[in-house]
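Counting starts at 1 for both ligands and their atoms, following the listed order. Because the structure is predicted, anything quoted here is derived from the model rather than measured. As a basis for the values below, the full set of heavy atoms in this structure was taken, side chains included, without hydrogen atoms, waters or symmetry mates.
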Amino acid sequence: MALGDLLAPIGLPLLRALDAERAHGLTVKALKAGLGPTARSDAHPALALEAFGLRFPNPIGLSAGFDKNAEVMGPMLDAGFGFVEVGSITPKPQPGNPRPRVFRLPADRGVINRLGFNNEGAEAARRRLEAFRQERPAAIVGVNLGKNKDSADAAADYRIGAEKLAYVASYLVVNVSSPNTPGLRALQSVDDLRRLTEAVRDARDRVVTGRPVPAVLVKIAPDLAPADEEAIARFARDGGCDGLIVSNTTIARPDGLADKAKAQETGGLSGRPLFRRSTEALARMAALTDGAVPMIGVGGVGSAGDARAKLAAGATLVQLYSALVFEGPQLIPRILDGLARAD
Ligand SMILES: Cc1cc2nc3c(=O)[nH]c(=O)nc-3n(C[C@H](O)[C@H](O)[C@H](O)COP(=O)(O)O)c2cc1C
């Protein structure tokens, strides 16, 4: 048992007493200091699977936003995740929106954030990922790409991200669905998506040699109009991208949220209140693509049953983030054990 296994149950109530973003910063520091918990990602061989040309030790991944700067991939894989997605990473560093900008809704098990792609930029991430790759070449780390707030040329930003990071990425994500960068979600129109994914694929093909190229996935919002979902499904089916991540946070506020005051904060809502909306979007995209496009299901997963529902709705892989805020990292082996029992 690692020190982190002993500290985690004490740490969680302490962290909850802090502002959400400070708690997150402390968690990342503790993980970097080796205080994270340990659970084997390959504890249940029956959960291993192939997707995107990769062999995943289990289907449960850490979704983007937790490790924005590629600092704690190792500790999160050592906590049991089958894969980790870092980012969103923009070409240049940027500070994001003014604080406070992350809010917990404990009674709803939800989170609202309007971080706005705060991150240290592609060069800092590249350095860390390269060092990590020397140590753990086979670990599965996806790289989620965003654009700088002040950039006038979105395609150029995603191209730069891919140029810098494709060679250290297991897969790449074109994130066009965060609600906190003005104009970003408009890039979900198929004409824009085509430009962005082509730019990313071109850059990737130039920089990745000597191994199969990383897949390019598109991460979408759960708030798309039916016509946009249909167009994206057609685009994906026609090979415009290699997979979809469904979904990012929602700008909607479902009826019945208990924390009425916090629910009014601007930003993207995640966690349990997103589960139903994102799972329904996933099921629609699975139907629209005839199951021919591999998908990562994300949004509100907090139990093995939730993960199973994403798989049943058409996901090949599952990701989570918000439930960690309330349950702590012991949640990961609990989900894996539960999934293995169901098999
Ligand atoms: C604090 C926070 C920051 C996030 N940052 C990003 C991000 O930078 N890029 C991204 O694609 N998604 C980001 N997300 C969205 C998550 O990756 C995920 O799609 C969403 O939270 C739904 O999953 P969950 O309910 O398990 O949290 C963020 C989510 C949270 C809560």
Side-chain angles (χ1 to χ4, degrees), residues 19-25 27-28 60-70 76 81 83-90 94 96-97 99-105 108-120 125 142-149 158 161 171-181 184-185 187-188 217-223 244-252 254 265 267-279 281-282 295-303 306-307 309-310 315 317-327 331-332 335:
D19 158 79
E21 191 167 351
R22 278 201 61 204
H24 181 70
T27 302
V28 170
I60 308 297
L62 176 64
S63 118
F66 182 94
D67 191 5
K68 282 185 182 271
N69 294 308
M76 292 313 274
F81 279 115
F83 64 111
V84 164
E85 187 173 311
V86 299
S88 293
I89 298 165
T90 56
Q94 63 177 28
N97 291 320
R99 297 188 190 202
R101 53 192 182 173
V102 187
F103 307 89
R104 298 187 199 92
L105 288 67
D108 301 301
R109 300 244 154 177
V111 175
I112 292 176
N113 92 81
R114 52 169 178 267
L115 287 164
F117 289 166
N118 56 311
N119 79 111
E120 295 173 14
V143 174
N144 179 307
L145 302 174
K147 70 175 272 292
N148 280 114
K149 185 179 178 185
Y158 290 91
Y171 65 86
L172 292 163
V173 181
V174 175
N175 175 20
V176 280
S177 47
S178 290
N180 305 308
T181 294
L184 190 85
R185 287 176 308 153
L187 299 172
Q188 289 174 112
L217 282 60
V218 170
K219 183 166 178 178
I220 64 171
D223 307 323
L244 294 170
I245 305 186
V246 187
S247 74
N248 217 310
T249 57
T250 178
I251 55 169
E265 292 289 351
L269 172 67
S270 57
R272 189 178 284 170
L274 174 62
F275 178 77
R276 189 168 161 193
R277 194 181 185 88
S278 59
T279 308
L282 174 69
M295 293 194 287
I296 303 182
V298 50
V301 172
S303 69
D306 295 341
K310 295 286 188 192
L317 297 161
V318 175
Q319 291 178 323
L320 62 88
Y321 175 175
S322 297
L324 285 179
V325 172
F326 303 105
E327 305 276 343
L331 173 65
I332 309 153
I335 290 180

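- Proximity to Gly87 (heavy-atom distance under 4.0 Å) selects the following atoms of ligand 1: 8 (O).
- Note: an N/O pair closer than 3.5 Å links Gly271 and ligand 1 by distance alone.
- Ring planes of Phe66 and Tyr321: perpendicular class, angle over 60° (limits at 30 and 60°).
- At a 4.0 Å heavy-atom cut-off, ligand 1 touches Asn113 through the side chain alone.
- Using a 4.0 Å cut-off between heavy atoms, Glu85 makes no contact with ligand 1 at all.
- Scanning the protein heavy atoms around atom 18 (C) of ligand 1, the nearest turns out to be Ser63 OG, 3.3 Å.
- When the options Ile112, Leu105, Thr249, Asn248 are evaluated for a side-chain contact (heavy atoms from CB on, under 4.5 Å) with Ser270, the one that passes is Thr249.
- A heavy-atom distance below 4.5 Å is found between the side chains of Val173 and Glu85.
- For ligand 1, the atoms sitting less than 4.0 Å from at least one non-hydrogen atom of Leu320 are 26 (O), numbered in the order shown with element in parentheses.
- At a heavy-atom cutoff of 4.0 Å, ligand 1 is contacted by no atom of Ile245, backbone or side chain.
- At a 3.5 angstrom cut-off on N or O pairs, Ala64 counts as close to ligand 1.
- Taking every non-hydrogen atom of Asn175 and a distance limit under 4.0 Å, the qualifying atoms of ligand 1 come out as 9 (N), 10 (C), 11 (O).
- Of all the heavy atoms in Ile251 and Asp223, the pair that sits closest is N-OD2, 3.0 Å.
- What sits closest to atom 4 (C) of ligand 1 on the protein, heavy atoms only, is Gly65 CA, 3.5 Å.
- For atom 15 (C) of ligand 1, the closest heavy atom belonging to the protein is Asn248 OD1, 3.5 Å.
- Short contacts between ligand 1 and Ser88, defined as distances under 4.0 Å to a heavy atom of the residue, involve ligand atoms 7 (C), 8 (O), 9 (N), 10 (C), 11 (O).
- For ligand 1, the atoms closer than 4.0 angstrom to any heavy atom of Leu274 are 22 (C).
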Self-check item: Pair Asn144-Lys219, side chain to side chain contact (heavy atoms under 4.5 Å, CB included): steps then yes or no
Solution: CA-CA 9 Å; Asn144 179 307; Lys219 183 166 178 178; 4.1 Å; yes
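- Close approach of ligand 1 to Asn144 (heavy-atom distance below 4.0 Å) involves ligand atoms 10 (C), 11 (O).
- Between the Asn69 side chain and the Glu120 main chain, a donor and an acceptor come within less than 3.5 Å of each other.
- When hydrogens are left out, the protein atom nearest atom 21 (O) of ligand 1 is Ser270 CB, 3.2 Å; that is the closest non-hydrogen contact.
- Salt bridge Arg101/Glu265: absent, no basic N to carboxylate O contact under 4.0 Å.
- Considering only heavy atoms from C-beta on, Asn180 stays 4.5 Å or farther from Phe117 through its side chain.
- Within the 4.5 Å cutoff, the side chain of Phe81 has heavy atoms near those of the Leu320 side chain.
- The nearest protein atom to atom 27 (O) of ligand 1, hydrogens excluded, is given as Ser322 OG, 2.6 Å; this is a heavy-atom distance.
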Practice problem: Walk me through it: do Lys149 and Thr90 pass the test side-chain hydrogen bond (donor to acceptor under 3.5 Å, both in side chains)? | Solution: CA-CA 9 Å; Lys149 185 179 178 185; Thr90 56; over 6 Å; no
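- The protein non-hydrogen atom at the shortest distance from atom 26 (O) of ligand 1 is Tyr321 N, 3.0 Å.
- For ligand 1, the atoms lying closer than 4.0 Å to a non-hydrogen atom of Leu115 are 1 (C), 3 (C).
- Under a 4.0 Å criterion applied to the non-hydrogen atoms of Val298, ligand 1 contributes the atoms 18 (C), 19 (O), 22 (C), 23 (O).
- The part of Lys219 lying near ligand 1 is the side chain, judged by heavy-atom distances below 4.0 Å.
- Using 4.0 Å as the threshold, Ser247 has a heavy atom nearer than that to some atom of ligand 1.
- The shortest side-chain heavy-atom distance between Leu324 and Met76 falls under the 4.5 Å cut-off.
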Practice problem: List the steps and the verdict of side-chain hydrogen bond (donor to acceptor under 3.5 Å, both in side chains) for Thr279 and Lys310. | Solution: CA-CA 6 Å; Thr279 308; Lys310 295 286 188 192; 2.9 Å; yes
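- Checking side-chain atoms of Asp108 against main-chain N and O of Gly110 turns up no donor-acceptor pair under 3.5 Å.
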